[in-house]
Peer 1: 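One structure, pasted below without further comment.
Chain letters run A, B, ... following the sequence lines, proteins first and then strands; every chain starts at 1.
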Amino acid sequence: ETGVTQTPRHLVMGMTNKKSLKCEQHLGHNAMYWYKQSAKKPLELMFVYSLEERVENNSVPSRFSPECPNSSHLFLHLHTLQPEDSALYLCASSQAPHSNQPQHFGDGTRLSIL
Amino acid sequence: DAKTTQPPSMDCAEGRAANLPCNHSTISGNEYVYWYRQIHSQGPQYIIHGLKNNETNEMASLIITEDRKSSTLILPHATLRDTAVYYCIVSNQGGKLIFGQGTELSVKP
């Protein structure tokens, strides 16, 4: 139990569907992150939020839309995805993005695009 | 951030110490060394981090050389559940981690 919970664990969707991934952290952290991990590739940072404000967006296509309503919750809204978007999507949290304290990860959502 | 070099794979016998090396010859003075591991189908798990002193916690020990150009993660008594990909990352911010390919550790009975 890492203190970071992601739902759903698995998701299969068509290219025209709209779905959302949810992340919740119970660690009292102020920063939250979305990562993408494709097969045989390293983790890629997608978005960083600090105190509900987006502070980093690493050239992610607009079909991925993050939302951070408070410091404990993070969503990733998905629409009109492509087959190459099939991957493991990981959420993480930390005390603050600029501190030396480590990130703690959830177990991810395995997304498959049909 | 400094880059790291890790062997792609290692084997270790169950019950023995697993020593995972990492080279980070271009590390700068304010960068920490972080270790994570990822067990199949799970998210990365934080193990330990340090700046220049050796560190130990309930999971592992981190030995950093005096010149800080390399480090070793030690799992003192490896079990089958320690089979995972281990990532060594250097960064001056815990919120800015760049994951490489890591070392795939196989613990064998």
Peer 1: Between A:Gln37 and B:Tyr87, what is the shortest heavy-atom contact and its length?
Peer 2: NE2-OH, 3.8 Å
Peer 1: Quick check for you: among A:Gly106, A:Ser94, A:Pro102, which has the greatest number of heavy-atom pairs under 4.5 Å with chain B?
Peer 2: A:Pro102
Peer 1: Against chain A, label B:Gln45 side chain, backbone, both or neither, depending on which of its atoms sit under 4.5 Å from a heavy atom there.
Peer 2: neither
Peer 1: If you count the non-hydrogen atoms of other residues, nucleotides and ligands that lie under 6.0 Å from CZ in A:Arg9, is the total more than 12?
Peer 2: yes
Peer 1: Kindly work out whether a path of hydrophobic side-chain contacts (I/L/V/M/F/W/Y, heavy atoms less than 4.5 Å apart) joins A:Leu76 to A:Val48.
Peer 2: no
Peer 1: Between A:Tyr33 and A:Leu51, is there a shared hydrophobic cluster once you connect ILVMFWY residues whose side-chain heavy atoms come closer than 4.5 Å?
Peer 2: no
Peer 1: Looking at B:Glu104, I'd like to know if its CD atom is crowded, meaning that more than 12 non-hydrogen atoms belonging to other residues, nucleotides or ligands lie closer than 6.0 Å.
Peer 2: no
Peer 1: Looking at every heavy atom in both A:Pro42 and B:Gly100, which two are closest together, and how far apart are they?
Peer 2: CB-O, 3.6 Å
Peer 1: Does A:Glu53 CD have over 12 foreign heavy atoms under 6.0 Å away?
Peer 2: no
Peer 1: Which heavy atom in B:Gly43 sits nearest to a heavy atom in A:Asp107, and how many Å separate them?
Peer 2: N-OD1, 3.2 Å
Peer 1: So, taking the atom named CG in B:Leu97 and the one named CZ in A:Phe105, what distance separates them when rounded to the nearest 0.5 Å?
Peer 2: 6.0 Å
Peer 1: To the nearest 0.5 Å, tell me how far B:Tyr34 OH sits from A:Asn100 CG.
Peer 2: 5.0 Å
Peer 1: Indicate, with yes or no, if B:Ile63 and B:Ile89 share a hydrophobic cluster defined by side-chain heavy-atom contacts under 4.5 Å among Ile, Leu, Val, Met, Phe, Trp and Tyr.
Peer 2: no
Peer 1: With a 4.5 angstrom heavy-atom cut-off, which part of A:Leu43 approaches chain B: side chain, backbone, both or neither?
Peer 2: both
Peer 1: Heavy atoms only: give me the nearest A:His104-B:Tyr46 pair and the separation to one decimal.
Peer 2: CE1-CD2, 4.0 Å
Peer 1: Hey, any chance B:Leu73 and B:Ile27 share a hydrophobic cluster, counting ILVMFWY side chains that come within less than 4.5 Å of each other, even indirectly?
Peer 2: yes
Peer 1: Given a strict heavy-atom distance threshold of 4.5 Å, which part of A:Glu56 is in contact with chain B: side chain, backbone, both, or neither?
Peer 2: side chain
